[in-house]
Protein chains: 2
Amino acid sequence: MSRSTPTRQRILDTALTSFGTTGVDGTSLDALARELGIRKQSILYYYPSKTELFRAVVDYAADSFIAELDAIVLDPQTEANDLGDVWAQVEGTVRVVFRLALRRPELLGMLREASRPGSDVAVQLTGRLSNHIQVAHHSLEIALKEGRVVGDDAQLLLFSLYSTIMGVATEVEVLRAMGIEPSLRSLTERRAELLRFLRAALLPAGR
Amino acid sequence: MSRSTPTRQRILDTALTSFGTTGVDGTSLDALARELGIRKQSILYYYPSKTELFRAVVDYAADSFIAELDAIVLDPQTEANDLGDVWAQVEGTVRVVFRLALRRPELLGMLREASRPGSDVAVQLTGRLSNHIQVAHHSLEIALKEGRVVGDDAQLLLFSLYSTIMGVATEVEVLRAMGIEPSLRSLTERRAELLRFLRAALLPAGR
DNA sequence: GACGGTTTCTACCAATTGGTAGAGACCGGC
DNA sequence: GCCGGTCTCTACCAATTGGTAGAAACCGTC
């Protein structure tokens, strides 16, 4: 448990950015070190191998994501209805994810990278998120039973929600291909339409 | 325009599979050649460089995807309502994508790979799909105007649909993390819930 | 000012990467 | 049986990969 915060942390940050944008395979330790202004061996001092570094970055990314989620979704003002207003939780999550898409896109990229099909760190990533997943699952299930939300299966519904939100937030290339250049304004519009879309999908006909 | 169909095609097929599962960076020409039972130089004879091969594979994947789409979505029985029943088109697309998820997951993986943020083949991929995108956009816009579908912006709505469908079909690791092991049965259930989800999101309250 | 621990470095290394040069094998036509 | 094109090979290559070994610099403590 060494107390060498600065370098170790800088490595983690830079690696997160690089892994999240260029991909793990697309990032060499040498390039990473160059970017940091140090030698590759200094990286290997803190993280004995590249895969070890990757694992650390995955944890770091997961924790950062959780921190952002907790700060907004479970913020003090929603204290009373912690498993209450599901729609408020969805709205909050969308807000968080889109704020990340704007300000820390590499974090979302990293999550996407870690959850690639066949990835062996996927278990690790989602294990760290399992708490949040279970909470969401639980409150969604209750809302389903009480008829406040429309759907058949809470788990699959949650999965659909996740896919939609993450997809709309991160599939920038597809968006670009459709003629929409990513920008602050287009991002806001995208979020608005997504919220409307999810609202229509989730809430009963009476709204 | 050489007539050396077999080898050239075999390379394309194997590369599509490998790129779609292991990723481009994760696939070396040597490994590819080994898998094919030939030497790397034979690959480089047909495709002068790895990026050239990648580009060819992207086109191949796009064309395969289009072929699958056309065979089902625009099949003869829907001749009359080519820009008619939008929901039927959505349903058909979902059916196609999920059939691919089961029978040719590497094709979906390849599409995902090619549309990674920052990918420079994304333009190429989506350029090839632009026809279908425009058609979908158009019929969605008409349905919006006529009130047969709920939404604000046809383009963003289409984007949301795409994200949801592709996400639900390909995010197997997230699914696994939620305790659902991918299988034929879970795939069918996922599709059913997705269709219900999309139906609720798209169609007006009266259904 | 010598000490042990932490940190960062130089110096290598074997293996793998994408790619080049060019020889030979295979093939139908003459 | 030889020729020209198509194809696949052997033989290399320079550069880069992740990683090891171990020397120095740096640090506060005694």
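Not measured: the values here are computed from a predicted model. Each chain gets a letter, A, B and so on, in the order the sequences are listed, and its residues count up from 1.
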Note to self: What is the separation between atom CZ on B:Arg10 and atom C1' on D:dC7, rounded to the nearest whole Å?
What the structure shows: 14 Å
Notebook entry, point to check: Does OP1 or OP2 of D:dC9 have a side-chain N or O of B:Ser42 closer than 4.0 Å?
Noted result: yes
Notebook entry, point to check: When the distance from CD1 of A:Ile43 to P of C:dC9 is rounded to whole Å, what number comes out?
Noted result: 10 Å
Note to self: Given D:dG18, D:dA11, C:dC9, identify the nucleotide with an atom nearest to the side chain of B:Gln41.
What the structure shows: D:dA11
Checklist line | Separation of atom CG in B:Leu36 from atom C1' in D:dC9, rounded to whole Å | finding: 15 Å
Note to self: Would you say A:Tyr45 places a side-chain N or O within less than 4.0 Å of OP1 or OP2 belonging to C:dT8?
What the structure shows: no
Notebook entry, point to check: Of B:Arg95, B:Arg103, B:Arg104, which is the lone residue that meets salt bridge (charged side-chain N to carboxylate O under 4.0 Å, His left out) with B:Glu68?
Noted result: B:Arg104
Notebook entry, point to check: Between CG of B:Leu29 and CG of B:Leu53, what distance do you get to the nearest 0.5 Å?
Noted result: 7.0 Å
Note to self: Would you say A:Tyr46 places a side-chain N or O within less than 4.0 Å of OP1 or OP2 belonging to C:dT8?
What the structure shows: yes
Next item on the list: Considering just the side-chain nitrogens and oxygens of B:Ser28, establish if one lies under 4.0 Å of OP1 or OP2 belonging to C:dT17.
Entry: yes
Next item on the list: In whole angstrom, give the distance that lies between atom CG of B:Leu29 and atom P of D:dA15.
Entry: 19 Å
Next item on the list: Would you mind reading off the distance between B:Asp25 atom CG and D:dT17 atom C1', rounded to a whole angstrom?
Entry: 13 Å
Notebook entry, point to check: Any chance the side chains of B:Tyr46 and B:Gln9 put a donor and an acceptor closer than 3.5 Å?
Noted result: no
Note to self: I want to confirm an ordering. Mapping A:Thr51 and B:Ile38 to their closest nucleotides on DNA chain D, which one lands closer to the 5' end?
What the structure shows: B:Ile38
Note to self: Tell me the interatomic distance from A:Arg34, atom CZ, to D:dG18, atom P, rounded to whole angstroms.
What the structure shows: 11 Å
Next item on the list: Begin with the C-alpha distance, continue with both residues' side-chain angles, and end with the deciding distance and a verdict on salt bridge (Lys or Arg N to Asp or Glu O under 4.0 Å) for B:Glu113 and A:Arg116.
Entry: CA-CA 9 Å; B:Glu113 177 84 4; A:Arg116 278 173 69 177; 3.0 Å; yes
Next item on the list: Among D:dT17, D:dT10, C:dT8, find the nucleotide with the atom closest to the side chain of B:Arg39.
Entry: D:dT10
Checklist line | Any A:Ile133 side-chain heavy atom under 4.5 Å of A:Phe159 side chain | finding: no
Next item on the list: Examine the base of D:dG19 for any acceptor or donor lying under 3.5 Å from a partner atom in the side chain of A:Lys40, and report the outcome as yes or no.
Entry: yes
Margin query: Can you measure B:Phe54 atom CZ to C:dG19 atom C1' for me and round it to whole angstrom units?
Written below: 19 Å
Notebook entry, point to check: Quick one: on DNA chain D, does B:Gly37 or A:Leu44 contact a more 5' nucleotide (nearest heavy atom)?
Noted result: B:Gly37
Notebook entry, point to check: Rounded to whole angstrom units, what separation is found between the CG atom of B:Asp30 and the P atom of D:dC13?
Noted result: 17 Å
Check: Closer than 4.0 Å, any side-chain N/O of A:Thr7 to the OP1 or OP2 of C:dT7?
Finding: no
